[in-house]
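For reference, positions follow the sequence shown, starting with 1. Bear in mind that the values here come from a model prediction, so they are computed numbers and not experimental data. Only this structure's heavy atoms are used, side chains among them; waters, hydrogens and symmetry mates stay out.
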Amino acid sequence: MKVKDIYKILDEISPFALQEKWDNSGLLVGSFEDEIKKIYISIDLDEEFLQDVEENSLVITHHPLIFSPLRRINYDTYATKLLKVLIQKNIALISMHTNIDKTHLNKYVATEILGLDIIEKQNEEEFIIYANVNKDFEVFAKEITSKLKLDYTNVVKCNQKVERVAIVTGAGMSLLNEVQADCFLTGDIKYHDAMEAKSRGISLIDIRHYESERYFNTLLLGLLEKYLKKNELKAIISASKNPFKFCIQGETVE
């Protein structure tokens, strides 16, 4: 099996042409002609994970390893350290980022994880998923926290009741101007983001970056299942971990 065969299937599932202009999804390391023996799926790459990846494999990640142009490859940064391992072990790397956010991930998390009845998007180029909720804010926030298995989360409460909610996994506060809802669920919410949302009367529930996107692994495995079975291939989900740990009353927790 060649990299180009898997790439073609991935492009049919979620066209790489849909990615944002600033994104860097696609084949980042390796050649389309590379022969691969195994496929690994992971939200990110880390050194511990790559130690276990066999040579001549393909890794499919959500987040691209390379965003900005590399001026030096001297193995002292996150990206270059991992590039060295990938090249030494002849591991190809494909990333599916904003394209699969638009076509699958946001919807999957909203429906399968959060159990929301979404309002269908008009087209697959839109990030934001909407759902009608009609629940007390405190009740809704508690439900979201529980379903995402969070010990706690940050919220901005502007209204007692949530009528309509917008959802963007990962970091979506740059889309605040487009939000047409009274509550917004996304991750990586900063202080000034919260102040801006509050001034607009939009409540926020921080669903965090890693915690809202970690479902990429199971989502993609499900989408590839028929193809893998047909070609007698297996995809291995990685144990790539959240780099953050949280300190609660002096106790460090995952």
Go through the steps to decide whether M173 and F184 satisfy the test side-chain contact (heavy atoms from CB on, under 4.5 Å), and finish with yes or no.
CA-CA 9 Å; M173 284 305 294; F184 186 26; 3.9 Å; yes
Over 12 non-hydrogen atoms of neighbours within 6.0 angstrom of [atom1] in [X]:
X	atom1	answer
K37	NZ	no
E20	CD	yes
E12	CD	yes
K198	NZ	no
D117	CG	no
E232	CD	no

Under 3.5 Å: donor-acceptor pair, side chain of [X], backbone of [Y]:
X	Y	value
K147	I113	no
S14	N99	yes
N24	I66	yes
D46	E48	yes
N231	L228	no
E35	M1	yes
S31	E33	yes
T61	P64	no

Shortest non-hydrogen contact between [X] and [Y], atoms and distance:
X	Y	answer
T186	G170	OG1-O, 3.5 Å
D206	I189	OD2-N, 3.5 Å
L204	A194	CD1-CA, 3.9 Å
A166	V179	CB-CG1, 3.9 Å
F49	S42	CE2-CB, 3.9 Å
C158	S203	N-OG, 2.8 Å

When you compare the side chain of [Y] with that of [X], does any pair of heavy atoms fall below 4.5 Å?
X	Y	result
Y130	L116	no
L10	M96	yes
V168	L185	no
L219	L105	yes
L50	L45	yes
I94	V59	no
T169	F216	no
K149	R214	yes

Any donor-acceptor N or O pair under 3.5 Å, side chains T145, T153
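There is no such pair between these side chains.
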Report yes or no: do N56 and N90 form a side-chain donor-acceptor pair below 3.5 Å?
yes
Of I144, V162, N159, the residue whose pairing with C183 passes side-chain contact (heavy atoms from CB on, under 4.5 Å)
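Only one of I144, V162, N159 forms a side-chain contact (heavy atoms from CB on, under 4.5 Å) with C183, namely V162.
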Does NZ or CZ of [X] lie under 6.0 Å from the centre of the six-membered ring of [Y], at an angle within 45° of the ring axis?
X	Y	value
K102	F127	yes
R208	Y152	yes
K84	Y75	yes

Quick check on side chain to side chain donor-acceptor pair (under 3.5 Å): which of H62, Q19, K107 does D101 satisfy it with?
H62
Kindly write out the residues that satisfy salt bridge (Lys or Arg N to Asp or Glu O under 4.0 Å) with E47, not counting sequence neighbours, or none if the list is empty.
none
Taking salt bridge (Lys or Arg N to Asp or Glu O under 4.0 Å) as the definition, give me every residue that meets it alongside E196, ordered by chain and number, with sequence neighbours left out.
R200
Same cluster or not: [X] versus [Y], using hydrophobic residues (I, L, V, M, F, W, Y) connected whenever any side-chain heavy atoms lie under 4.5 Å apart?
X	Y	answer
L27	L233	yes
I128	I100	no
F32	L224	yes
V53	Y78	yes
L221	I36	yes

How long is the gap from [atom1] on [X] to [atom2] on [Y], to the nearest 0.5 Å?
X	Y	atom1	atom2	value
I6	D11	CD1	CG	13.0 Å
I207	L150	CD1	CG	9.0 Å
L86	T80	CG	OG1	11.5 Å
N74	L70	CG	CG	10.0 Å
D23	F67	CG	CZ	5.0 Å
T218	I237	OG1	CD1	6.0 Å

Does [X] come within less than 4.0 Å of [Y], counting only side-chain N to carboxylate O?
X	Y	result
E163	K135	no
K38	E54	yes
E138	K157	yes

Does Y227 form a side-chain contact (heavy atoms from CB on, under 4.5 Å) with D5? I'd like the steps, not just the answer.
CA-CA 10 Å; Y227 177 81; D5 300 316; 3.7 Å; yes
If you apply the rule side-chain contact (heavy atoms from CB on, under 4.5 Å), what do you find for I236 with I39, and how did you get there?
CA-CA 6 Å; I236 302 165; I39 299 172; over 6 Å; no
Quick check, are the ring centers of F16 and Y7 under 6.0 angstrom apart?
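They qualify: ring centres under 6.0 Å apart.
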Is there a side-chain contact (heavy atoms from CB on, under 4.5 Å) between V29 and I91? Walk through the geometry before answering.
CA-CA 8 Å; V29 179; I91 299 169; over 6 Å; no
